[in-house]
Amino acid sequence: MKYTNKRYLTYSIISIVVFILPFIKINGNHLLLLSFEKMQFHFMGFAFNVNELYIMPFLLMFLFIGIFAITSIFGRLWCGWGCPQTIFRVIYRDLIETKLLGLRRHKNKQKDIDYSKKSNQFKKYLAIFIWGVLSLVAASNFMWYFVPPEDFFAYLLDPINHSILIMFILSIAMFLIYDIVFMKENFCVYVCPYSRIQSVLYDDDTKQVVYDTNRGGEIYKNNVKSIFKMKELDKNDECTTCEACVKVCPTHIDIRKGLQVECINCLECSDACDTVMGKMGKKSLINWGSTNEVIKKKETSIFSKRNMAYFISLLLCIVLTASFASTKEYFLVNINKTTKLYSIKDEGKVSNNYIFTFHNTSDKAYTFNLEAEDENFYIKRFKPFKLEANKRVKKVVILETKKRLFISDKKDTALNIKLNITALENKEAKQTKELSFIYPRNSLFK
């Protein structure tokens, strides 16, 4: 199978997965969702409150380290085989313009479309209209990762009260129309920052699109006249200078000149060369492999020191993410002390007042209770209460002690008191909080 057909198959799989992923739920939670409205992050069926986003840094680190690792090993594999920009351009250029409307030939992406013909002008507007519809679908699909599909379609039925959502969809769609129809591959060449850092991550073991100069000859640049010329072909050079690889390149480069920042590893040039060379019973002069493999004829391994560092870092991110995800809290409790440090009552009783904020982050209602671990302290003005799922409430809690402690004659003392907070319906839903109890100096007692 040619690389082009493999890419089309890969694009189809990615598109299907990205489209259906927002609809998949595990235990009532989405597989992947970042909801700003509900202040929740759903990942692999777990729902994390905004105060529990401690797994997000590890996921982001895994993403960026993963991109660096893939680039170091396989070059710009992401750009040619997984990037939405590339997929959208293939849909518009190869499917809509080429297959459906016949505006261009697949084998020649360098030739501009002749819009002087009225029929081509009509086809151009038709192509933009078709892509505009697909852009709205893509924009909606993007929003499903921030607004659950079940809410998304309900909001569309009430556009007046959800104008911001409509504005986001239209803005994304308009950007996609401008980007894919008018900016084209210039986004990859001039805008995308990824292409600027790729050369830093490459070495002679990195797989990339390589033109075999041992078989095909070389191209050099005349610095005086700033033009490219083919060197004189000797008898061993197999390149026919048909330039099929140049005509088919979507980023308009000549791969025979070596590694270039514009190359996105789509390997269409390799397919074009394979077609020409195949007619002569020879293999393609353009291969996907490392410089050591193709040109220097050396064996390579992905287990280099740099790549091993990437693998260890990725493994560490996975372990930390799994560890933090497994310790998800069923509820959150925030404790703040009131402005009054303490109260001294009859018979030497001392009390401290606190404001507890309970947040039930689970999808079930829980009845919460408080108990002090130290028998010398007890809780007043608090009774077990029921809190619905994903709700938040504040409670005033008074912690008091009858025991005369005789701690200090000259200064107040802060004591660390532990409280056990439990949800009566779930034995696993429990927390132990440590709070500061201010006990007054002895001179204040009568």
Could you check whether [X] pairs with [Y] (Lys NZ or Arg NE/NH1/NH2 to Asp/Glu carboxylate O, under 4.0 Å)?
| X | Y | value |
| --- | --- | --- |
| Lys25 | Glu150 | yes |
| Arg104 | Asp112 | no |
| Glu262 | Arg76 | no |
| Lys418 | Glu371 | no |
| Glu293 | Lys207 | yes |
| Arg89 | Glu185 | yes |

Worksheet item: Considering residues, nucleotides and ligands other than Lys337, do more than 12 of their heavy atoms fall under 6.0 Å from its NZ?
Response: yes
Item to complete: Count the heavy atoms belonging to other residues, nucleotides or ligands that lie under 6.0 Å from OH of Tyr115, then report whether that count exceeds 12.
Response: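 Yes, the 6.0 Å shell around OH holds more than 12 heavy atoms from other groups.
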Worksheet entry | Six-ring centre of Phe356, Lys394 cation under 6.0 angstrom, axis tolerance 45° |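 Negative - Lys394 is either too far from the ring of Phe356 or too far off its axis.
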So, [X] and [Y]: side-chain donor and acceptor under 3.5 Å apart, yes or no?
| X | Y | result |
| --- | --- | --- |
| Asn352 | Tyr439 | no |
| Thr98 | Arg93 | no |
| Ser290 | Gln208 | no |

Response to the item:
Applying ring pair (Phe, Tyr, Trp, His ring centres under 6.0 Å) to Phe58 and not counting sequence neighbours gives Phe324
Worksheet item: What residues, two or more places apart in sequence or in another chain, satisfy side-chain hydrogen bond (donor to acceptor under 3.5 Å, both in side chains) together with Asp114?
Response: Ser116
Fill in: Pairing residues for Asn265 by the side-chain hydrogen bond (donor to acceptor under 3.5 Å, both in side chains) criterion, not counting sequence neighbours
none
Check whether any side-chain N or O of [X] sits under 3.5 Å from a backbone N or O of [Y] as a donor-acceptor pair, and report yes or no.
| X | Y | result |
| --- | --- | --- |
| Asn27 | Asn29 | no |
| Thr401 | Phe377 | no |
| Tyr342 | Phe437 | no |
| Gln260 | Gly258 | yes |
| Ser436 | Asn416 | no |
| Asn360 | Leu387 | yes |
| Asn353 | Val397 | no |
| Asn307 | Ile302 | yes |

What class does the angle between the rings of [X] and [Y] fall in, given that below 30° is parallel, 30 to 60° is tilted and above 60° is perpendicular?
| X | Y | value |
| --- | --- | --- |
| Phe331 | Phe368 | perpendicular |
| Tyr8 | Tyr11 | tilted |
| His42 | His30 | tilted |
| His162 | Tyr155 | parallel |

Worksheet item: Do Phe153 and Trp144 have ring centroids that are under 6.0 Å from one another?
Response: yes
Discussion item. Taking the ring of Phe168 and the ring of Phe142, is the distance between their centroids below 6.0 Å?
Written reply: no
Worksheet item: Arg392 versus Phe358: any side-chain heavy-atom pair under 4.5 Å?
Response: no
Discussion item. By the side chain to side chain donor-acceptor pair (under 3.5 Å) test, which pairs, at least two apart or in different chains, include something from residues 377-386?
Written reply: Tyr378-Glu400
Worksheet entry | Listed once per pair and sorted, the side chain to side chain donor-acceptor pair (under 3.5 Å) pairs that draw on residues 118-134, sequence neighbours left out | Trp131-Ser135
Please table the atom pairs, donor to acceptor, closer than 3.5 Å between any side-chain atom in residues 269-279 and protein atoms at least two apart or in another chain.
residue	atom	partner	partner atom	Å
Ser270	OG	Ile286	O	2.9
Asp271	OD1	Tyr3	N	3.1
Asp271	OD2	Tyr3	N	3.2
Asp271	OD2	Thr4	N	2.7
Asp271	OD2	Thr4	OG1	2.6
Thr275	OG1	Lys2	NZ	3.4
Thr275	OG1	Asp271	O	3.0

Practice prompt. Apply salt bridge (Lys or Arg N to Asp or Glu O under 4.0 Å) to Glu243 and Arg256, showing your working.
Written response: CA-CA 10 Å; Glu243 296 194 347; Arg256 296 171 298 173; 3.6 Å; yes
Worksheet item: Yes or no on salt bridge (Lys or Arg N to Asp or Glu O under 4.0 Å) for Asp179 and Lys184, after CA distance, side-chain angles and deciding distance?
Response: CA-CA 6 Å; Asp179 177 29; Lys184 305 177 184 178; over 6 Å; no
